[in-house]
There are 2 protein chains.
Amino acid sequence: MPSDSRTSPPARPMRADARRNYDRLLAAAAEAVAEQGAEASLEEIARRAGVGSATLHRHFPSRQQLLEAVFRDKVEALCARAADLAAGPDPGRALATWLRAVAGHAVSNRGLATALMRGAHDPTLGATCHAMITNAGAGLLARAREANAARPDVSITDLLTLVNAICLTVEQEPDAAAHADRLLTLALTGVHPVAAPAESGPHPADATKQNSLPSGSAMTWNAP
Amino acid sequence: MPSDSRTSPPARPMRADARRNYDRLLAAAAEAVAEQGAEASLEEIARRAGVGSATLHRHFPSRQQLLEAVFRDKVEALCARAADLAAGPDPGRALATWLRAVAGHAVSNRGLATALMRGAHDPTLGATCHAMITNAGAGLLARAREANAARPDVSITDLLTLVNAICLTVEQEPDAAAHADRLLTLALTGVHPVAAPAESGPHPADATKQNSLPSGSAMTWNAP
DNA sequence: ACAGAACCGGAGGGCCACCCCATTTTGGCG
DNA sequence: CGCCAAAATGGGGTGGCCCTCCGGTTCTGT
């Protein structure tokens with residue numbers, strides 16, 4: 001790849017009206033996808049943008065490409081976050097925090113998880129976002145592994161698949177964020193009891209508190 | 001609710017031709033769903049069954065009801081399996097085995113996971129399969145919890161959601177079964193490295209007494 | 001055999017993705 | 001400034017899907 005950054009380094013810098021319509025479409029798509037998820041009607045998106053449907057299909061030949069464009073900035077933010085976290089002192093916690101952040105973005109931006117997963121298994125153009133996320137996470141996982149905070153046999157793809165799977169199926173529930181976080185915690189820490197399972201403790205000192213409620217739970221998957 | 005058992009005790013036992021078409025539709029649906037997943041075209045199903053589309057909609061007013069009918073026997077098998085496993089000596093392992101079985105059915109029967117999850121959050125008629133599975137699993141989980149082989153804060157719904165989430169997103173991959181099993185293991189045991197990677201060492205029979213060692217948990221949850 | 005109930009399926013409406021091509025808009029150049 | 005070819009547009013057509021009416025057909029009890 002020629003390795004550029006921005007939208008694209010067009011040999012011919014896109015005509016003014018084309019760019020205008022492109023931007024309108026992007027905005028309309030963001031809106032519609034936020035409301036109706038990744039399967040929002042393309043025609044309605046075009047309609048909202050005040051543009052013919054043919055124009056939409058010309059700018060974004062596939063739904064996937066549209067989604068990628070819509071979520072590009074969110075994905076970049078996530079990658080930046082990964083870079084930040086990579087500087088921290090606790091690789092295990094950093095990875096966990098980042099995965100949680102991914103989940104957070106996925107639930108608060110309907111369609112993101114879908115876009116990511118579709119990019120994962122579609123060799124068709126537009127797998128860029130998936131690749132970006134994967135790269136960003138790979139670094140975090142590598143450090144966690146070195147610090148012996150993650151099994152050597154787990155790949156970043158596994159982890160991200162899990163996160164996306166959770167977010168995908170929880171996406172349309174009322175309190176998606178809480179549920180996703182809860183399930184993610186479960187997946188990261190395992191099902192087995194973590195510590196002395198105090199049942200009737202009237203004092204939810206530490207463990208019990210996290211047990212009963214989803215909460216952010218800063219708990220890493222380390223046994224306390 | 002009158003709550004009966006078998007398929008249904010129809011006051012009027014269904015006319016012969018109606019039953020014939022019903023069966024044809026079911027067979028065609030099973031075929032189409034196996035090939036194309038839960039979103040298979042209803043019209044094509046009717047077409048394959050050699051039946052007008054109106055007939056399909058008359059017998060199965062919603063897609064969900066069709067899916068439920070298609071998968072009913074698989075779900076019953078799964079419930080039976082749960083009952084079998086409940087008799088075993090090791091509740092923790094029984095639960096894990098059963099969840100794996102659920103995953104196995106879900107990956108080898110496209111659309112099952114979808115049907116189950118849709119039934120979960122749709123109050124519309126046809127949530128029977130989801131309820132059956134949930135009930136079956138609840139018993140297993142209760143025993144596992146008593147044996148201290150599962151955290152008290154995890155619900156059967158969480159577990160099944162996780163299983164279905166994994167199967168759903170892995171469903172259309174080439175080696176879905178292997179991948180699903182892999183991710184399920186990961187989710188059940190957690191990401192943290194096991195202290196002593198399963199070596200030739202004999203099982204500590206009393207791993208249930210585990211207090212602080214993650215290794216015990218990994219053992220408990222490993223595949224049979 | 002007959003009448004009425006149960007059942008069927010073609011036709012049609014509303015919506016959608018995608019494509020073709022006549023028409024309009026841009027932007028560089030004389 | 002005006003011209004014109006290339007770039008971009010969008011109305012309309014095609015084919016598919018889901019779902020519902022409704023006139024015609026088939027079954028079943030007597």
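In what follows, chains are A, B, ... by sequence order, proteins preceding strands, each numbered from 1.
- Scored by the salt bridge (charged side-chain N to carboxylate O under 4.0 Å, His left out) test, R15(B) finds D17(B) as partners (sequence neighbours excluded).
- Distance R19(A) CZ to dA7(D) P: 18 Å, rounded to the nearest Å.
- Residues that satisfy the salt bridge (charged side-chain N to carboxylate O under 4.0 Å, His left out) test with R20(A), not counting sequence neighbours, are absent from this structure.
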Mind listing the side-chain donor-acceptor pairs of residues 163-173 of chain A below 3.5 Å, one per line with the distance, residues two or more places apart or on another chain?
{"residue": "N164(A)", "atom": "ND2", "partner": "L160(A)", "partner atom": "O", "Å": "3.2"}
{"residue": "E171(A)", "atom": "OE2", "partner": "G111(A)", "partner atom": "N", "Å": "3.2"}
{"residue": "E173(A)", "atom": "OE1", "partner": "H179(A)", "partner atom": "ND1", "Å": "2.6"}

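- For E146(B), there are no side chain to side chain contact (heavy atoms under 4.5 Å, CB included) partners, not counting sequence neighbours.
- Shown here are the ring pair (Phe, Tyr, Trp, His ring centres under 6.0 Å) partners of F60(B), two or more places apart in sequence or in another chain: Y22(B).
- OP1 and OP2 of dC7(C) both lie 4.0 Å or more from every side-chain N or O belonging to N21(B).
- Taking atom OH on Y22(A) and atom C1' on dT9(D), their separation rounds to 18 Å, with Å as the unit.
- Residues satisfying the side-chain hydrogen bond (donor to acceptor under 3.5 Å, both in side chains) test with S155(A), not counting sequence neighbours, are D158(A).
- In this structure, CG on D181(A) lies 9.5 Å from CG on L188(A), to the nearest 0.5 angstrom.
- Under the side-chain hydrogen bond (donor to acceptor under 3.5 Å, both in side chains) criterion, R19(B) pairs with no residue at all, not counting sequence neighbours.
- Partners of E35(B) according to the salt bridge (charged side-chain N to carboxylate O under 4.0 Å, His left out) rule, which considers only residues two or more places apart in sequence or in another chain, are R48(B).
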Can you pull every protein N or O that's under 3.5 Å from an N or O on nucleotides 27-30 of chain C?
{"residue": "dG27(C)", "atom": "OP1", "partner": "A16(A)", "partner atom": "N", "Å": "3.0"}

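- Listed by chain and residue number, R151(A) satisfy the salt bridge (charged side-chain N to carboxylate O under 4.0 Å, His left out) test with D153(A) (two or more places apart in sequence, or in another chain).
- Residues from residues 45-63 of chain A lying near DNA chain C, meaning a heavy-atom separation below 4.0 Å, are R47(A), S53(A), A54(A), H57(A), R63(A) in numerical order.
- Across residues 30-44 of chain B, not one residue has a non-hydrogen atom less than 4.0 Å from an atom of DNA chain C.
- Remark: C1' of dG10(D) and CZ of R20(A) are 13 Å apart, rounded to the nearest angstrom.
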